[in-house]
Structure formats: C-alpha cells, structure tokens
2 protein chains.
Amino acid sequence: MNKIQESENCRNCNCKSSIFRNLTPDELEQINQGRYTVHYKAGEILFKQGTPSPHFVCLTKGLAKLYIEGYGKNLILALVKPVDYIFGPGSYVDNRHYYSAAAVEETTACLVDVNIFKRLIKQNPDFAEEFIRRVSLQAIFNFDQVVSLTQKQMPGRIADVLFYLREKIYEKNPFEITISRQDLADLSGMSKESSIRILKELKEEGILRVNGNTIEILNEKQLRQISQTG
Amino acid sequence: MNKIQESENCRNCNCKSSIFRNLTPDELEQINQGRYTVHYKAGEILFKQGTPSPHFVCLTKGLAKLYIEGYGKNLILALVKPVDYIFGPGSYVDNRHYYSAAAVEETTACLVDVNIFKRLIKQNPDFAEEFIRRVSLQAIFNFDQVVSLTQKQMPGRIADVLFYLREKIYEKNPFEITISRQDLADLSGMSKESSIRILKELKEEGILRVNGNTIEILNEKQLRQISQTG
DNA sequence: TCAGGACATTGACATTTGTCAATAAAAAAT
DNA sequence: ATTTTTTATTGACAAATGTCAATGTCCTGA
C-alpha cells in the first residue's frame, strides 16, 4: 500500500523512525546489531505495565495502543503507528514500564536493546538533542490531553479524540476506525456507553456520519466549536 | 530557617539544583555568567503560558505553582519548591511556555539563559543523561496524576493531593498549606466548593484534622484506602 | 448452517459533580 | 478601628455521567 519496506539492515531500511536521522552509518549498524523483528496479532500485548523494559520499540506495521491500567478502567495515552517508536520514561528511571502496550491491528515491530540506545544518546549529542526534542513534543501532547480530559465535558472530549484519529492516526476523512468503542471510551475518559451515546448525538446533529466503524467528520467547524466549548 | 543560602557564584552556591552535580567548575561558571536573581511577591506571575521561554528557572526560596490555563478553569500541574527548577518542554520545541507559573509565597529564583543550558546539554553527556532522567521522572509523575484525575472520584483525588502536599511539598504532618482552596481544587480537577466539601467530609469522618489552613492526616491508612478506591 | 462469544446499542435509573446564590470569615486597606 | 475586598463555607438545585440490565449485531469456529 505504500513505499515502506523492511530491510535486513537498519542502514538501508526506509522504515526506521526519523529519530535516527542523526546517526552515522556506523551507529546505525550498532542499532542493527541489537535489533530483532517481532510480529503481533491484533489484541496481543507487546508489554505490560510494571514489567522490565529492555527494549526500544519501533513500529513498522500495524497499530498499537499505549494504555495505563488504572482502577478498573484503562486510560489510553496514545496510539502508535508506523514509523514511530515506543520508549517510555521508565527506561531512564528504573527500567520498568509505566504503561502497557497492545497491538490493535496486526502489527510488526523492531526491538532494539535499550542499552545500545542509551549508549548512542551519550555518544552522539545531536541524537541526544533530537531525543530530548521528541520527549518534549510528547510532553506537550500530554498537556493538551490532560486539559481535554479534565476540563471538557464528554462531547468536547470525543471531538478531540475524533480530530486526533483523523489527523494523527488514520490521516483521512472519512476514516475507518480499527479501535473498539471501548477504546474510544478509554481515549476520552468515559464509559463505553457514553462514548456510543455521544457518537450517536453527533450523528443525529449531522456533524458526523457514523456507519459501523466508518466515521466521517461532516461539519468540521461545528465539531471544532464543540471541542472548544468543552 | 535552614542552611540554604545564596551565593554570588554558582560554584560555591549551596542552593543550586542537584541537576547541576555533573557539571565541572568551569561549566558552573558558564551557568553563573548567564544568571540573575529575581524576587517575586506572593501571587506574582513568573511567566505566562504562550510567551517566549528564554530561561531555565531555579527556585531558591518560596513556592510556585505551574498551571495550565484551560477553558475557564486552571489545572495546576505541580508545585515547585527550593531547590528545584522549572524548565518546560517548549524550550526544545518552539521556545514557548506551555503552562504558566506564579509565586504562591514570597519567592526568589535564579534565571539562567536557556541557550547556555542547552549548550551544556550538548557538551556534557552526563549532564544530558541526568536531564533526561529528570524529564522521565516528571513524565512518570504526570502519569500518576492523569490517572488520578481521570479515573478517581473526588475523595480519591483530594486524598492524592493531600499525600502530595504532605510528602513532596510541606514535608511534615500536620502541615500548613500556603495554597488556597481554589488551588486545591485546581490541583484535583474540581470546583472549589467541591474541594471544600470533601475536606469537610474527611474531617467529619475523623480522617483529617482541618483548622483553617492547617491540615493533619490523622488516619493515614483510611486515607490511603480512599485514594485506592477512587 | 448454527451456536457461542464478543462487541455494540439502548433505556431506565442512581450517583456524582458543578453552578448559583447567600452568608460567614479572614485579610487588606484606609 | 472600620470599611472594603477577598476568600471560605454552606445549601439547594440542575446537569453530567456512570451503572445496570436487556437486546441486537457481527464474527468465529464447530
């Protein structure tokens, strides 16, 4: 479907995360040495919150969700699609995962030894700076999310999630979601019944077209308005 | 009141953040060159969300709150006390602040030119690694916070904030809060009326002693229980 | 094809939480 | 000391949201 293609070797691979752009061929070769590829079926868990975190994970195919297992409910922090990576804060603290990750679709990932990654961070200042920049972007994204979750009412939260799905994940409109209604709820901090109801209301108001898992944003302006109003 | 004391010079200063422990005397001198001290009265704003972010800010006295100005409400992300620093993610993205900071008490801070800080990050890999470690700790803290805010009911959220205040900010019990009830509400994502009511209920149940701004956790076990139950 | 299971949908209802208005208390200013 | 202003408190009520139970739909495997 697109030009992304795996390679035997990180040097020639065109499905590596752009975070690696500052690495020399030799450094890429070091990454390659400590790397292996894994396939996951939809629903399979990549790693569980609380377990050791020995890998930098780079998604080359599919879709994964990152979620915190809270008190009865889950909170989905983000969806990750190719070519992006998963590298949680625990790697620099206590080598534990602070969230779980699961494949939403059939997924392929490259795992890289975390120590190699950290060694390169210390060796290559440009790489380190790029890494810090990405961690910062992540933090900014999280700020938006926490404001949405704590200060907006349900329609506003659903609106934000729909924009996120359209702009960052599926990148088209209409888009066919591969996540469940429960996932939609876990992304927007509400019960699945509520997420279904809000979706239905937005449909009845003509703001969305919803047909099973196909969603189209019909009235972007009004949805944007709902996102703002809370 | 304590042994913390400012100095003319970062090298001899014993109120510098421990993040600087990996710097050489020469590097500390570089920090010192681009540094100046500022005093703030209670309530004064250190910087506003959206404005340029030219400084690494290190608190040497007082207490500050970091808060996102959302839709009508504020969300307090953290309180910062000496000797700790404020350095938001915008510095590595677009040089803008993504949250505001205001003095809660009479406060003193050292401001350091952000470019000097970033230069040292690139020069000194140990310093860079320590910085990444701290950013990671921050992220982990934020995870706990977002779970509390999105998955717990009001008593659980207040319980979490009370533990935070006792363990991380005032570091004693009983403790006298210097933040308002509105701030308490902004920390726990609710209206100030609700924060007052929950405090009252916890008092009536004998879990807290509340007298004006003095709070004592009387039944830690039960409060812990409330935090867990949601 | 059919049975079983997972996911989606809906309605009724209880609970949680916010809003508004009134009052009290405390702090700041004159 | 007194007024003014801010902050804290309380109660009544409305709105938002979750829970539970029933039902429908879709998909999978025998």
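Lettering of chains follows the sequences in order, A, B, ..., and the numbering in each one begins at 1. FYI, side chains are in, hydrogens and waters are out, and symmetry mates aren't considered; it's all heavy atoms of this structure.
- Spacing between atom CE of B:M154 and atom C1' of C:dT15 amounts to 11 Å, rounded to whole angstrom units.
- Aromatic rings of A:F20 and A:F56 (six-membered ring for Trp) have centroids within the 6.0 Å cut-off, being under it.
- Checked options B:V80, B:L59, B:T60; the residue passing with B:T107 is B:L59 (criterion: side chain to side chain contact (heavy atoms under 4.5 Å, CB included)).
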I would like to know whether B:R224 and B:E220 meet salt bridge (charged side-chain N to carboxylate O under 4.0 Å, His left out); could you show each step before the answer?
CA-CA 6 Å; B:R224 199 70 70 181; B:E220 161 140 7; 2.7 Å; yes

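- Taking atom CD of residue B:E201 and atom C1' of nucleotide C:dT16, one finds them 11 Å apart after rounding to whole Å.
- With rounding to whole Å, B:R157 atom CZ is found 6 Å from C:dG18 atom P.
- Between B:Q151 atom CD and D:dG18 atom P the separation is 11 Å, expressed in whole Å.
- The aromatic rings of B:F117 and B:F87 are tilted relative to each other, their planes meeting at an angle between 30° and 60°.
- In this structure, A:M190 places its CE atom 16 Å from C1' of C:dT16, rounding to the nearest Å.
- Rotation axes derived from the C1' atoms of the five outermost pairs at either end of the helix from C:dT1-D:dA30 to C:dT30-D:dA1 lie 40° apart, to the nearest 10°.
- The interatomic distance linking B:Q153 (CD) with C:dT15 (C1') rounds to 8 Å, in whole Å.
- Looking at A:L165, A:I196, A:I76, A:I198 one by one, the single match for side chain to side chain contact (heavy atoms under 4.5 Å, CB included) with A:L184 turns out to be A:L165.
- Aromatic pair A:Y164/A:F141: centroids less than 6.0 angstrom apart.
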Under 3.5 Å, which protein N or O atoms sit close to an N or O of nucleotides 5-12 of chain C? Give each pair with its distance.
unit_1 : atom_1 : unit_2 : atom_2 : d
C:dA8  : OP1    : A:R181 : N      : 3.4
C:dA8  : OP2    : A:R181 : N      : 3.3
C:dT9  : OP2    : A:R181 : NE     : 2.9
C:dG11 : N7     : A:R197 : NH1    : 3.0

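- Note on B:G43: nothing from the nucleic acid sits closer than 4.0 angstrom, heavy atoms only.
- Distance check: B:L218 CG to B:E205 CD gives 12.0 Å after rounding to the nearest 0.5 Å.
- Of the listed residues (B:E105, B:K61, B:E171), just one forms a side chain to side chain contact (heavy atoms under 4.5 Å, CB included) with B:K81, and that residue is B:E171.
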